[in-house]
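Remarks on the structure that follows.
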Amino acid sequence: MTIATTVGITMAISVALVALLAAHQNQSYQIHELSRRLSEVLDADQSTLVLSRRTTEEAPVVGSYTYASDFGVVGDSMANDGPALQAAIDSAANKTSGQGGTVILPKGIFITTQPLIIPGGITLQGQGYGSSPLAIKFDAGGSTIAYCGTDYAVKIIGSSSGMRDVAVYDWPYHHGEFDDGCPNIKAAGGVLVKADGQTVESVALSNVFIYFFVGGDALSLIAVNNGGVAFGYYENLRLRHAHTGIKLYAEVDSFVNTNTFVGGAISGGDFHYGIKSVSDGDCNDNKFYGISIGMYDSDVAHVYVAGSTTNIKMDNVRLEAKNKDMSRPIIIIEDSSYGNVMNGMLGHTHIQANLNRNPDVDFMSQKSVGLDPAPVNQFWNAAFKGSSGTDIDESGAQPNRVMPGWKLEGGSATTPNANVFVLEDDDGLYPDHNVLKVDYRNFGGAFKMMADQTLLQEAHSFVTFGVYARTSVQGSISAAMRYTSGSIISSGSHSGSGEWEFIGMSALYSKSAPYFYFSITGDVDLTAPTLTFGKTPATPGASLMSSSGARMSGTLTTAVGIGLPPPPSTPVYKKKWWVLPKNEGNVFLMQSNADHSIERLNYRAADRFPRGTVITLFFDEPGTKVESNSYIELTSGEDFVSAAKTSITLITQGSGSWDEVSRNAGRQLVQSSSTPSCVGAPPESGNYWVLPKSCGTVFLMQSGSDIRRLSYRTADRFPYGTVITLVWEEAGNTVVDSSYMKLKNGQNFVSGEQTSLTLMTKGSAIW
């Protein structure tokens, strides 16, 4: 074979090896050595085609790869390889002019007494870290940076840089350059990603073993001087034996945000913290997926979070602490931190945190559980029922607008800056939910719509609320609230698309002065508002029992309150002004007093019941009089005087005034109502009447034959416990007492004009 042929074959092999180098980075060092030997053969043959021999003064660059072996690194655990290794890194940075490059580290143990500085665009690539995940096994190959010093072993200071397939070790053994060796020298930490006055982003660490940094942090992400560390990706990190596994910190006006950690594990001994995220600046949205934090113990906590703008997200993580007793938590979230998200497996001990400020901490174990709020809509008239005051005066204003459960603010009482109507012919988005049209009048500032009573739940710190809105006016509606700091914050506004859009927000709210409202500055249609406490998605259209057709399975039992007379110290003119306890029920057992009279009920604004509340006053003893007046308007102006075991039922207009619904002291009285009712039509023949189901519970009875049975067929029966009221406008209609219609004292009921009878079914056609 001729020399030319040999040169050609050799050149082809060299070119193939160079191509192989790009495809197989883990074999790069071996390929480089073979390629160098081939080039030396070509030099010896003095071929016209020569591959120049690489020297330590001119680093070999194949593609974007730089070889540390060309800079004199030894890797024998004795020589100080720090200067040579840093030279290789600096050379890669210079040769690529900041465009990025990889420094190939061969297998070996590389002692360094100086921190390795990795600038932007440079990745340090090793050969793995041997066969053991628990300790560095020196006979198993791999690349180990063995640090002997008091600083961090590796400092990453630029974007798009990183490390992979390498071990970083706080070297505890003697070595040649120190008389006393390294055992008594403790490093400040293993790997530091630091942003000082700049943003360092897209740092990547993969398959890195950081070992024995018991005097500091295995891995730290730190931002100072308006700097920021963001968008980093840290995969399969093995952190063993350290003071702190992962530390995240940003000083004021700096940030460490949106870094991702995938897999890997933190284990071993000497830990104070597994993960410590404590910051004066922004340190949030740092995510941990599938990581295991399984030290037997930690002096403080496996996970520790503090800071008003600091939180972390942990998904499907594993936390174990076999040596912790129940007095020592495995997770500590200080009250200053909120909005943390954590789930996975938690063993042996518990969580110390305000879970109302951190409702997405969802660990479930024998020792600790998360908290989820009940998704109940706190807007009690979310269906926009019962509106009134639809008349417009000569000025175009709507001075008497009323919507039960809602406060409508803006302009003045006589000249409001918005008119409010229910759109009768608009089906909206949800069954039984009306669409409310707000006609903005464009003066007097924003029109505000809010609940008519303060909404507050001490048990929860977050609130989620919003409303569906439809408008063609961009920015015409937003949700607003008082934040925990006391300032007013608002949601995004409507785009003006003319379509339904949900306008809402979720945040910490002020418990000392809760304030939630919708700010409206243009014509808009609204439906299905919702407010839930806790950090939970909005639930529009979930208003419970919002229509007359609502049903429930089982027994509905309402509480019974006690109606106490005014105390003896009450001024004389208020002796007849009674106050019933709110939120204790709708039936009150009334106690008697010396005056034996009731002139007003719950006259103070704070004590008033919501508009539309129906209550029943039940009297055990005779002689108490409910006086008919402008505050308690009884039918025909007739006072109610109790007999033994009698009652009177009232409905409130929400303004301290009451109207009579019915009484059982003699004949039954019902005040006319604008509320639609069902019709009770007589049968074509006979005395068995059938009332329409799922229509309502108040029936306007037409005159006809005597009533001996009601809804007797199984298919027509009402559920057990249903209470209905039969109302007659005309006199002379008879309900016959029988085994099916069990009337009081066995007496038939004969209607007078504007009278009623209230019955309850036992579910078997018996009333």
Side-chain angles (χ1 to χ4, degrees), residues 339 356 359-360 371-387 403-409 418 420 422-423 426-438 446-471 476-484 488-495 497 499-511 514-520 524-547 549-550 552 583 610-612:
N356 296 319
D360 291 324
L371 291 177
D372 281 335
V376 176
N377 191 351
Q378 300 295 320
F379 289 143
W380 71 268
N381 186 17
F384 293 145
K385 301 288 187 179
S387 66
M403 176 61 65
W406 294 93
K407 185 186 298 183
L408 311 176
E409 290 187 354
V420 178
V422 170
L423 296 180
D426 195 315
D427 293 334
L429 296 174
Y430 297 97
D432 298 321
H433 282 65
N434 287 334
V435 174
L436 196 68
K437 178 177 179 58
V438 178
F447 170 67
K448 295 181 180 179
M449 184 169 175
M450 67 194 78
D452 66 355
Q453 56 185 324
T454 300
L455 299 174
L456 173 64
Q457 282 192 6
E458 287 289 347
H460 295 291
S461 300
F462 275 90
V463 69
T464 299
F465 77 106
V467 65
Y468 267 108
R470 179 177 60 192
T471 179
S476 60
I477 179 172
S478 62
M481 61 173 285
R482 182 173 286 116
Y483 189 57
T484 183
I488 299 296
I489 60 175
S490 61
S491 71
S493 60
H494 200 286
S495 69
S497 64
E499 302 293 332
W500 289 109
E501 298 177 12
F502 192 78
I503 308 300
M505 63 193 306
S506 181
L508 290 170
Y509 73 97
S510 170
K511 291 187 177 181
Y515 188 38
F516 320 105
Y517 63 94
F518 300 109
S519 178
I520 298 171
V524 62
D525 299 336
L526 306 175
T527 194
T530 179
L531 185 146
T532 56
F533 287 99
K535 195 173 185 181
T536 182
T539 54
S543 182
L544 302 180
M545 300 182 73
S546 63
S547 77
M552 64 172 292
N583 302 320
R611 181 176 183 264

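No experiment lies behind these values; they were computed from the predicted model shown.
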Could you check whether any side-chain heavy atom of [X] comes within less than 4.5 Å of a side-chain heavy atom of [Y], counting everything from C-beta outward?
X: Lys511; Y: Ser461; value: yes
X: Phe379; Y: Val467; value: no
X: Phe465; Y: Gln378; value: no
X: Val524; Y: His494; value: no
X: Arg470; Y: Val435; value: yes
X: Asp426; Y: Lys437; value: no
X: Val420; Y: Phe384; value: no

Without swapping roles, check the side chain of [X] against the backbone of [Y] for a donor-acceptor pair under 3.5 Å.
X: Tyr430; Y: Ala383; answer: no
X: Asn377; Y: Pro529; answer: yes
X: Thr527; Y: Asn434; answer: yes

How many angstroms lie between [atom1] in [X] and [atom2] in [Y], if you round to the nearest 0.5 Å?
X: Thr464; Y: Met505; atom1: OG1; atom2: CE; answer: 10.0 Å
X: Met449; Y: Lys407; atom1: CE; atom2: NZ; answer: 13.0 Å
X: Leu429; Y: Phe502; atom1: CG; atom2: CZ; answer: 11.0 Å
X: Ile489; Y: Tyr483; atom1: CD1; atom2: OH; answer: 6.5 Å

Over all heavy atoms of both residues, which pair between [X] and [Y] is shortest? Give the atoms and the distance, please.
X: Pro540; Y: Tyr468; answer: CG-CE1, 3.7 Å
X: Leu526; Y: Ala469; answer: CD2-CB, 3.9 Å
X: Ala479; Y: Ile503; answer: N-CG2, 3.7 Å
X: Asp525; Y: Trp500; answer: O-CZ3, 3.5 Å
X: Ala446; Y: Ser519; answer: CB-OG, 3.5 Å
X: Thr471; Y: Ser476; answer: CG2-OG, 3.1 Å

Please work out whether the ring planes of Phe516 and Phe533 are parallel, tilted or perpendicular, with thresholds of 30° and 60°.
perpendicular
Between Trp406 and Phe518, what is the ring plane arrangement, given parallel below 30°, perpendicular above 60°, and tilted in between?
tilted
Side-chain donor-acceptor contact under 3.5 Å, Ser493 with Ser478
no
Would Val438 and Ile477 satisfy side chain to side chain contact (heavy atoms under 4.5 Å, CB included), going step by step from the backbone distance to the final call?
CA-CA 11 Å; Val438 178; Ile477 179 172; over 6 Å; no
